[in-house]
Amino acid sequence: MTTPSTEPWTVLRLLQWTSDFFKSRGSESPRLDAEILLAHARDCERIELYTAFAEVPTDEQRIAFRELVRRRGEGAPVAQLVGFREFYSIPIRVDENVLVPRPETEHLVVEAIDQAKRIATSIQDRPLRILDIGTGSGAIAIAIAKNLPEVEVTAVDVSLPALDIARWNVEKLGLADRVTLLQSDLFDSLDEGVKFDVICSNPPYISQAEYDELPATVREHEPRGALLSGEKGTEIIERILAQAPERLYPGGRLIIEYSPMISDACKSIAEASGLYGEIKRIRDLAGLQRTISLGLKD
Ligand SMILES: C[S@@+](CC[C@H](N)C(=O)[O-])C[C@H]1O[C@@H](n2cnc3c(N)ncnc32)[C@H](O)[C@@H]1O
């Protein structure tokens, strides 16, 4: 960040230079990335930068910012650099062991909360039970638990390092009494006979071919085990579709996030299983198939 000019490196000038740099590196949101990282280096809110355009950050802040810019330029996700990502208006801690929660996943949360509220009207003698498979940072489990104060959530993941981050988030947000974390390969470690009203999952659903086409920033910085699911991308979803019915109470609901590329395949697998009744597909804000919500056959 050297310049032949003698102009001072004000907040505004740093933002302009860094936005151009990130743009040249292919960032989809160069100005936003620059603002989040500069706010982090200055230990302030992003909005505070707007009234500080003429200020010159301290040497310490500039050194910290330069390092963040270097790592972002190499492709590290902004959320990993600052350690947090907002999901469903909740700050979620992330690191290199978990997928950075994506805005598209909020569609799954909305559907899970709607279904849970519907089912809750017919339950009197016990709390509503929800299972989140492949919880990663805990984002889905936390968003549901925070918005439905009466529910009990079980959140499983096969990755222990991911569960450490989920535990940190669950404890920090004061949800440890209602969100139980468990290492499990899908349903395998759940006690026999345990059932749920809603099972939701944003599982790995990317085929090997799609994975090879992902931007290097994702391939090199987010865990492979959170993304890849066999040759066609449907491997883990197929297992969930086959096993979920015996873990659902009558009237229960299975909600899965998937990619638009495998939406038709997943619907066909669900139909062919003969286990499901109503099948609803939900599009994201870009109009792409993103979530499937399945009711059990009566
Ligand atoms: C796409 S990430 C989703 C993370 C988080 N739920 C979210 O939406 O941001 C998928 C997660 O599933 C976990 N996972 C992969 N295979 C699994 C399996 N067989 N059983 C349980 N979890 C699994 C990964 O470790 C990863 O945390």
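Worth knowing before you read on, the calculation uses all heavy atoms, side chains too, and leaves out hydrogens, waters and symmetry mates. Just so you know, these numbers come straight off a predicted model, no measurement behind them.
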Is it true that [X] and [Y] have a side-chain N and a carboxylate O under 4.0 angstrom from each other?
X: Arg126; Y: Glu152; value: no
X: Lys23; Y: Asp20; value: no
X: Arg71; Y: Glu74; value: no
X: Glu235; Y: Arg239; value: no

TODO: Begin from the C-alpha positions of Val156 and Leu131 and carry the test side-chain contact (heavy atoms from CB on, under 4.5 Å) through to its verdict.
DONE: CA-CA 8 Å; Val156 302; Leu131 174 66; 4.1 Å; yes
- [ ] Apply salt bridge (charged side-chain N to carboxylate O under 4.0 Å, His left out) to Arg42 and Glu55, showing your working.
- [x] CA-CA 11 Å; Arg42 298 186 81 218; Glu55 288 178 22; 2.8 Å; yes
Can you establish whether the number of heavy atoms outside [X] located under 6.0 Å from its atom [atom1] is more than 12?
X: Asp59; atom1: CG; result: no
X: Asp298; atom1: CG; result: no
X: Lys195; atom1: NZ; result: yes

Are any non-hydrogen side-chain atoms of [X] and [Y] less than 4.5 angstrom apart?
X: Ile165; Y: Leu163; value: no
X: Tyr276; Y: Leu241; value: yes
X: Pro101; Y: Arg85; value: yes
X: Asp185; Y: Asp188; value: yes
X: Ile255; Y: Ser201; value: no
X: Arg283; Y: Arg290; value: no
X: Asn97; Y: Pro223; value: no
X: Leu173; Y: Val170; value: no

Same apolar cluster: [X] and [Y], side chain cutoff 4.5 Å:
X: Leu12; Y: Leu68; result: yes
X: Phe87; Y: Ile36; result: no
X: Phe65; Y: Phe22; result: yes
X: Leu275; Y: Tyr249; result: no
X: Ile133; Y: Ile292; result: yes

Backbone N/O of [Y] and side chain of [X]: donor-acceptor pair under 3.5 Å:
X: Arg102; Y: Val100; value: yes
X: Gln183; Y: Ser159; value: no
X: Arg247; Y: Val194; value: yes
X: Lys280; Y: Leu294; value: no
X: Asn169; Y: Ser137; value: yes
X: Asp284; Y: Glu104; value: no
X: Asp197; Y: Arg129; value: yes
X: Thr234; Y: Ile237; value: no
X: Asp157; Y: Gly136; value: yes
X: Thr18; Y: Leu15; value: no

- [ ] Decide yes or no on side-chain hydrogen bond (donor to acceptor under 3.5 Å, both in side chains) for Thr291 and Glu257, but give the supporting numbers first.
- [x] CA-CA 4 Å; Thr291 310; Glu257 176 175 323; 5.5 Å; no
Would you give the length of the straight line joining atom [atom1] of [X] to atom [atom2] of [Y], rounded to the nearest 0.5 angstrom?
X: Ile90; Y: Lys172; atom1: CD1; atom2: NZ; answer: 14.5 Å
X: Ile236; Y: Ile256; atom1: CD1; atom2: CD1; answer: 11.0 Å
X: Leu160; Y: Arg167; atom1: CG; atom2: CZ; answer: 8.5 Å
X: Leu285; Y: Glu106; atom1: CG; atom2: CD; answer: 9.0 Å

Nearest non-hydrogen partners of [X] and [Y], listed with the distance:
X: Glu28; Y: Pro30; value: C-CD, 3.5 Å
X: Ile119; Y: Gly252; value: CD1-CA, 4.3 Å
X: Ala143; Y: Ile113; value: O-CD1, 4.3 Å
X: Ser229; Y: Pro204; value: CB-O, 3.2 Å
X: Thr135; Y: Ala141; value: OG1-CB, 3.9 Å

Open item on the list: So, using side-chain contact (heavy atoms from CB on, under 4.5 Å) as the criterion, who are the partners of Arg118 when residues are at least two apart?
Closed with: Gln115, Arg253
Open item on the list: Does Gln208 form a side-chain hydrogen bond (donor to acceptor under 3.5 Å, both in side chains) with Asp212? I'd like the steps, not just the answer.
Closed with: CA-CA 6 Å; Gln208 186 62 56; Asp212 296 339; 3.1 Å; yes
TODO: Could you go through the side-chain contact (heavy atoms from CB on, under 4.5 Å) check for Val110 and Tyr88 one step at a time?
DONE: CA-CA 9 Å; Val110 169; Tyr88 221 77; 3.6 Å; yes
Open item on the list: The test is side-chain contact (heavy atoms from CB on, under 4.5 Å); show your working for Val151 and Arg178 and say whether it passes.
Closed with: CA-CA 7 Å; Val151 303; Arg178 288 194 298 119; 4.0 Å; yes
TODO: Name the orientation class of the two ring planes belonging to Phe21 and Trp17 (parallel below 30°, tilted from 30 to 60°, perpendicular beyond 60°).
DONE: parallel
Task: Test log, rule side-chain contact (heavy atoms from CB on, under 4.5 Å), inputs Thr154 and Ile130 - done: CA-CA 6 Å; Thr154 300; Ile130 300 201; over 6 Å; no
Would you give me the side-chain donor-acceptor pairs under 3.5 Å for residues 259-270, sequence neighbours excluded?
{"unit_1": "Ser259", "atom_1": "OG", "unit_2": "Met261", "atom_2": "N", "d": "3.2"}
{"unit_1": "Ser263", "atom_1": "OG", "unit_2": "Tyr258", "atom_2": "OH", "d": "3.0"}
{"unit_1": "Ser263", "atom_1": "OG", "unit_2": "Arg281", "atom_2": "NH1", "d": "2.7"}
{"unit_1": "Asp264", "atom_1": "OD1", "unit_2": "Arg281", "atom_2": "NH1", "d": "2.8"}
{"unit_1": "Lys267", "atom_1": "NZ", "unit_2": "Glu271", "atom_2": "OE2", "d": "3.1"}
{"unit_1": "Ser268", "atom_1": "OG", "unit_2": "Asp264", "atom_2": "O", "d": "3.0"}

Task: Partners passing side-chain hydrogen bond (donor to acceptor under 3.5 Å, both in side chains) against Asp33 (at least two apart in sequence or in another chain) - done: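 Once residues adjacent in sequence are excluded, the partners of Asp33 under the side-chain hydrogen bond (donor to acceptor under 3.5 Å, both in side chains) criterion are Ser27, Ser29, Arg72.
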TODO: With side-chain hydrogen bond (donor to acceptor under 3.5 Å, both in side chains) as the test, would you mind laying out the steps for Ser293 and Glu111 before giving the verdict?
DONE: CA-CA 8 Å; Ser293 173; Glu111 172 69 3; 2.5 Å; yes
